[in-house]
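Presented below is the structure to which this report refers.
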Amino acid sequence: MILTLFAGRGNHPLAHAVAARLGITPGRCVLEYFPDGEIHTEIQQEIQGHDVYLIQPTGPPAADHLLQLLLLADACLRAGAGRLTGVIPYFGYARQDRRTHGGEPVGARLMADLLSSRLQRIVTVDLHNPAIEGFFTIPLEHLSAVPLLAEALRAERAADQVIVAPDLGAAKLARQYGEYLNLPVAYVDKVRHSGHEVSVRSVIGEIEGRSPILVDDMISTGGTIISATEALLEKGCRPQIIVAASHTLLAGSVGPRLSGLPVRKILSTDSVPPPCGLVPMKIVSLDQMLAATIIRLHGED
Ligand code: R5P
């Protein structure tokens, strides 16, 4: 089977970097908007029997990027793709993996159903909750950017550091970073009041006089990181804070609040196009890991 890759609009630079690592150029397709806002897509090359990979994170605007991916997938199926894999470096709606109130949907399950209806396999990176894999009726390759980020953190290593989980949901992740870097771990007990508002109940662990490395699967508005940073400073940590997160959206308007804090650097991947300007960022590209996965899957005929 011939390997062909198409890029949605979710992250062109990453898709092109992956294609370059594979020694190919992204396939020719149109992806544009009709005047009424509907998406129009068209595959403009032969893909009959090809092993097709669609690279598209479903980050903001999540609904648009998801629909682009579904329409591209439908177009590829109808054009005779032999096998169709969605490479979704950031999987949006993953935080809606359960209902906290009776009137809510399970958004992550719905997204999985929609994607399973058109794709034959998914490749994704650091799902908010690994159990989401169970929502899919198709095979899912769940990759982790933690080793890449932990390696990048080694360059920032200092004797007085402590890994901090900014909420209890990130505890396991923090222990993983702690083991990679041989650092102690502390935990922030966060309470979420709404999509924008979080507060901190307590900090568990030794952080006084230490430089925190806050680790999380994602930064969305930045509210979690900001609240954790404020709580750690109040408890006497050193104003030398580093943040590592697999996905950094920085959606919303937290900019001024975040840049007013002693966050030295945010380390993240390019699963979504990196935000610029707020805090110094160090981006670790997923291109090599995704290309290696595509090569491995392509070999499994
Ligand atoms: C929550 O469970 C996640 O792991 C992140 O902590 C959270 O989604 C980050 O969101 P925000 O940046 O909006 O606080």
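The figures that follow rest on heavy atoms only: side chains count, while hydrogens, waters and symmetry mates do not. Both ligands and their constituent atoms are indexed starting at 1 by order of listing.
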For this session: Give the C-alpha distance, both sets of side-chain angles, the deciding distance and a yes or no for ring pair (Phe, Tyr, Trp, His ring centres under 6.0 Å) between Phe91 and Phe136.
Result: CA-CA 13 Å; Phe91 183 79; Phe136 285 89; 5.7 Å; yes
Problem set entry | Nearest-0.5 Å distance that lies between atom CG in Leu153 and atom CD in Gln161 | 8.0 Å
For this session: Select all protein residues for which some heavy-atom-to-ligand 1 distance is less than 4.0 Å, and list them by chain and number.
Result: Arg95, His128, Asp167, Lys190, Arg192, Asp216, Asp217, Met218, Ile219, Ser220, Thr221, Gly222, Gly223, Thr224
Problem set entry | Side-chain H-bond candidate by donor/acceptor type, Tyr187 with Asp189, under 3.5 Å | no
Seminar exercise, completed: All heavy atoms of His247 vs all of Asp126, minimum pair found to be NE2-O, 3.1 Å
For this session: Please determine, by modelled atom types, if Lys190 and Thr224 share a side-chain donor-acceptor pair under 3.5 angstrom.
Result: yes
Exercise. More than 12 heavy atoms of other residues, nucleotides or ligands under 6.0 Å from CD of Glu234: is that the case?
Worked result: no
